[in-house]
Each structure stands twice: as C-alpha cells, then as structure tokens.
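Residues take their numbers from the sequence shown, with the count starting at 1. Indexing begins at 1, ligand by ligand and atom by atom, following the structure's order.
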Amino acid sequence: MLCSQLFYPTLREVPSEADVVSHQWLLRAGFIRKTTSGVYTYLPLGYRVIKKIIEIVRQEMDRAGGQEVMMPVVQPAELWQQSGRWDVYGDEMWRLRDRHDRAYCLGPTHEEIITTLVNADVHSYRDLPLLLYQIQNKYRDEIRPRFGLMRGREFIMKDLYSFDVDYQGLQISYEKMREAYNRIYQRLQLSYRMVEADSGAIGGSASHEFMVLAETGESEIVYCDACEYAANVEKAVCNPAAGAAAEECGEMTTISTPGLRTINDLAEHMHIPAQEQVKTLFYSADHKLVAAVVRGDRELNEIKLKNALGCNELLMADEALVRETCGAGFGSLGPVGLSVPLYVDLEVPHMASLSCGCNRDNFHYTQVRYGRDFEATAVLDLRCAEAGDPCPHCEGHLLKMRGIEVGHIFQLGMKYSQALEATYLDKDGQQKPFVMGCYGIGVSRTMAAAVEQNNDADGIIWPMPLAPYHAIVVPVNANKAEQWEAAWKIYQQLQQLGVEVLLDDRDQRAGVKFKDADLIGIPLRITIGPKSLQEKQVELKKRWESDTHLISIDQVAAEVVAIVKQTSQVEIV
Ligand code: ATP
Ligand code: MG
C-alpha cells in the first residue's frame, strides 16, 4: 500500500476527548474516529488490526471445536421476557419498537437467541456437545462510556456458547475454552492474567476473567505472592485474621461527637484508629432497606453483598428514608439497636472493641462488641480484598494490580435452558435441560488494551501479530530517482514474499515520514537514503529498539521476512 493513497488522518495534537493513552494514540494515529458517545468508526489501519485479532480468535475457536454462526443484532422482547431478563437488564439495554409497536432490543449478549435456536433444532444427546460462536457488534447503553474502545456502547465481541449433556461435559467444554483463551492472549503477545471472577448478571457458577495488565485498567485484581491464586477483587475471598476477640472489652459508652461524621473525623479528633471503628452502610435491595457493616478501614464489596442477598438491584439508600427508619443521618449510624436486616463482615466479630455511630446525630458509641451489644442477620465475607491480605489458599499474601478485562468465561449450567425450557432427549429417552457455558472476548477492547500495553512517547508499538502492516519502506527523498527505484524494488520484493508492507511515497520531509511511521506503530522501517545507497546499504530499524542497523540492499527483504516470522510466532505455554 502506498502511503499517499492510504486513508490515515493523523493528528498532531492530543484530542481533548481522549482520557487514556490508548484512546489518544488510536485517534492521533488515524485508527479510529468517534461517531457519537461510545460509538466508533474503524478507519483502514484500525480495521486491519481488528481483523488480525478476529483471525486469531477465529482460528482458536475453530481449533477448540467451535462452529461459527451469525445471529441477529435485533432480538424480540418475548425471548428476554421468557428468560426473565427483560426487566432485570435495566437501562443498559437498547430497546426499540417496530411499526406495529412490538418491542425489541439490540443484542447486548445472545444467550436467549442461541438457547432458543439450539432447542428448536437439537433433539438428541447424540448431537452434543455443540459449541457455536459468532463475532459481532454488541450494544450496551453503558452508564459511563469512556476510554474510547475500552467501554463502548457499540463494540465488537466474540461470543461462544457451549451445550452439553451434563456438568461433566460442561467441564470439558469449559477447559477447552480456557485453553483456547490462553492461546489467544499469548498469540496476541499481551501480558495478561487469568483470574477468578464473579459471574454477575449473566448468572451461573464458575467463571474466569482474562485481564490484560495495565495501570489504567478499570478492574482491580489480587494475586498470591506464593501460589497460583489470582482473582478479581470483586470475587477475591477474604479470610479474617482470627484471635483478637479473646481480649477484654469494657462497657459500651456513649461519646459526644459534634460535627464528626466520617471515619477520618473520628480518627483525627477522637484518636480512634480506623481499624477500631466500623462503617455502617445502608442499601435499598430490591426496594428493601438493609444495612451492612465492615471495619472502618475496609471497603464494602457491593458485589459480595448483592450476591449474598440474591437481589436484582442494590442501590445506596436514600438518606431521608434511613433517618426516618433509624433516627439519624449518614455519619451517625451504627449497628446497635437497628431494626433493619443487618449483614456483618467476617472480620467484625473478631474486633475486641469497636466504635460506631449511635443512630442519634452527633453521638457515637465506643467499647462495642459484636455478640454482646449487637447481632447480625448474617455474618459474611463482605469486604474488598486488599494488598497484604492472607491468601485464601496458602500461607502467602496477596498483591494487587490493575487490569483490563478482555475476556470472560462462565459456566452457566441450566440457568437459561431451564428458563427457556430448552431440552434434549437423553440415552434413556428422558427430556433434560442443556447444560450451558458462555465465553466472551472483547475484540475492540483488546485492540485498545494492546495499545495501552505497547506504546512510547512517539506512538504505538504494535506486536507483530497485531500490526496493521509489518513493515514500511521510507525513501528519504522520493523525488530522487535512485532512491525511489531502490525503495520501489524492496517494496515489491517484500510484497512478493508475503510481507504486509507500506511504501511512504509522499512528498514529505524525512522527519515527518519517520514521525508518522512511529506514530502508527509499524514494527519494521526500512530507510533508503543517499549515503546508504552509495554503499549499497539500507537502514533497518525495529520500532521497539532505538538504534538502527545497516544492511545490504540485497539482503534486506530476506532479513525482514525472517524477523516477521520470528516475532509473529510465540511458544504457547
Ligand atoms: P465489564 O465488567 O467490563 O462491563 P462485562 O462483564 O459486562 O464487562 P461480558 O458481558 O462478560 O462483559 O462481555 C464479554 C467481554 O466483552 C468482556 O470481557 C469485555 O472484554 C467486552 N466488553 C464488555 N462490555 C464492553 C464495552 N462496553 N465495550 C467494549 N468491550 C466490552
Ligand atoms: Mg458490563
């Protein structure tokens, strides 16, 4: 491809709308353009990268026994009503009506469609297992679309669904997918980690996420410094340190705390360390008021609370309602004498003596003890894991880092097959629900995650398997016949050898051409200048290294082919 003909509108300035590095570079390098909030056009370079990701994903899905289909984006409301998700899915679902006023949605995911499809056409255990997938646009009206392709409202996803006769079969399908996902992220040359995950609104039991490691990631993960354990903090199990509650605790005492409302206020003015206080938080769980208690220096994990309550909607409670029910406003609330269901974190009963709000404005209690002064509806693991926590599996300790969730696999079990009455006939002639799994990869998010991990001050540094083109040939001065002819010859040789190559034929200064080649992140640059030609040599530069090498003009094509080959392949572990 000639650069003079390539549509890649690069920008000199950092666009103000771009909040993370990947978004900035993808806009500046002319890979994507925003159409409206969370909705993007992929320009030629961007779409080439997308197609490379898709091809790797497709090869691995096929290798694992998947068959590709294409399901509709438009989905009838009835299917979602049948599965019970039409009302649950909430505002994230794009809903629409046709001319007859029938309700539809734009598919945020495809469990309903695929389960109905398979139910209609798969009748016997002999036809199972069945693994079907598609690569398609998904629609989610995200509350906070941001970071460019990371959290779009229209985005590209690969979703595969597995159908098995039983849970043992599901285990096998799940394992195949886990392996396929590991192969995919290794082939994409991304630094990633597989972590235990919460199964969220999709439902089901076991689930793993694939996280590309990056400081800007929206997810927090913990991993053990000694064993293989790694989990999303949403899911990470917290085991309390035992023992403290054996100590003595004096009688519960009321103290006056005018104007002191936060954990920090109390720590600062009353000298009560945060870890000797508790926080009492109020939620509306499917419109029912509940309270949850964690140690003052901890963070409540809303996902754990929501799972424990089994509710569809968990919102912070309205302060007026809390005041009416409990007798005080936020900042003076506590677990003693409460009349609402109370959920207490595992750590709290281990606190020898604690301080908390009094349910009376401007007063707190000290020397409070769980079991003596208050009791819970249930004592549960409710807090967010933190760095330094003990590993739930070994003697090690947890470390924390951030990641971008690029893939998520779930064991759904019979959640959808039961709701949609999707069954097959087993060996004994009995109707049984399919046992299902679902497996997603954010294709467009993966492109952004790759840039987040591979860039420098000059632009993107594409790993070879993702690069829109492998190499770029740059004549320093395209108007000089000798340079132009040499460049053209190398360009043609490379094309014949199967290298995806650009030729920068633009009438631009060499500095501009180098800057653009760096910006768009082409892994290999071959520069043809006057000096190098006298000695029959050209310059070869790898985007990920700072120095250049001189190489004989006759050998450069073979060398480029060798580097492309070597850097495209990875050893899968
Ligand atoms: P998140 O927690 O980030 O919202 P999710 O749990 O809703 O993700 P899934 O329903 O498991 O995501 O979708 C599968 C994959 O699709 C995710 O792992 C992610 O890579 C991608 N994905 C999900 N939502 C978006 C989005 N709004 N924009 C881009 N990619 C997305
Ligand atoms: Mg989501």
**Q** My understanding is that only one of Asn301, Val344, Leu300 makes a side-chain contact (heavy atoms from CB on, under 4.5 Å) with Leu382; could you say which?
**A** Leu300
**Q** Has Ser444 got any heavy atom lying under 4.0 angstrom from an atom of ligand 1?
**A** no
**Q** Give the atom numbers and elements of ligand 1 that come within less than 4.0 Å of a heavy atom of His408.
**A** 6 (O), 11 (O), 18 (O)
**Q** Name the option, out of Arg153, Glu405, Arg140, that contains the heavy atom nearest to atom 20 (O) of ligand 1.
**A** Glu405
**Q** Using a heavy-atom cut-off of under 4.0 Å, does the side chain or the backbone of Met150 touch ligand 1, or both, or neither?
**A** backbone
**Q** At a 4.0 Å threshold, what atoms of ligand 1 neighbour a non-hydrogen atom of Gly152?
**A** 26 (C), 27 (N), 28 (N), 29 (C)
**Q** With a 4.0 Å cut-off, would you call Glu55 and Lys52 a salt bridge?
**A** no
**Q** May I have the step-by-step check of side-chain contact (heavy atoms from CB on, under 4.5 Å) for Cys238 and Lys304, ending in yes or no?
**A** CA-CA 11 Å; Cys238 300; Lys304 288 182 182 175; 3.6 Å; yes
**Q** Given that the side chain starts at C-beta and the backbone is N, CA, C, O, which of these parts of Leu149 lies under 4.0 Å from ligand 1, counting heavy atoms, or is it both or neither?
**A** backbone
**Q** Could you tell me which atoms of ligand 1, counted from 1 in the order shown, lie closer than 4.0 angstrom to a heavy atom of Arg151?
**A** 1 (P), 3 (O), 4 (O), 26 (C), 27 (N), 28 (N)
**Q** Answer with yes or no whether Thr109 contacts ligand 1, where contact means a heavy atom under 4.0 Å from a ligand atom.
**A** no
**Q** Do Arg445's NZ or CZ and the ring of Phe155 fall within the cation-pi criteria of under 6.0 Å and 45°?
**A** no
**Q** For ligand 1, does Met157 get within less than 4.0 Å through its side chain, its backbone, both, or neither, judged by non-hydrogen atoms?
**A** side chain
**Q** Under 4.0 Å from a heavy atom of Arg445: which atoms of ligand 1 are those, numbered in the order shown and with their elements?
**A** 3 (O), 19 (C), 20 (O), 22 (N), 23 (C), 24 (N), 25 (C), 26 (C), 29 (C), 30 (N), 31 (C)
**Q** May I ask you to decide whether Lys306 forms a salt bridge with Asp198, counting only side-chain N to carboxylate O separations under 4.0 Å?
**A** no
**Q** Hey, which atoms in ligand 1 end up nearer than 4.0 Å to a heavy atom of Val406?
**A** 18 (O), 20 (O)
**Q** Does Tyr125, at its OH atom, have more than 12 non-hydrogen atoms belonging to other residues, nucleotides or ligands within less than 6.0 Å?
**A** yes
**Q** Report, as yes or no, whether the 6.0 Å neighbourhood of atom CD on Glu215 holds more than 12 heavy atoms from other residues, nucleotides or ligands.
**A** no
**Q** Under a 4.0 Å N-O cut-off, is there an ion pair linking Asp516 with Arg12?
**A** yes
**Q** Ligand 1 versus Glu142, non-hydrogen atoms closer than 4.0 Å: side chain, backbone, both, neither?
**A** side chain
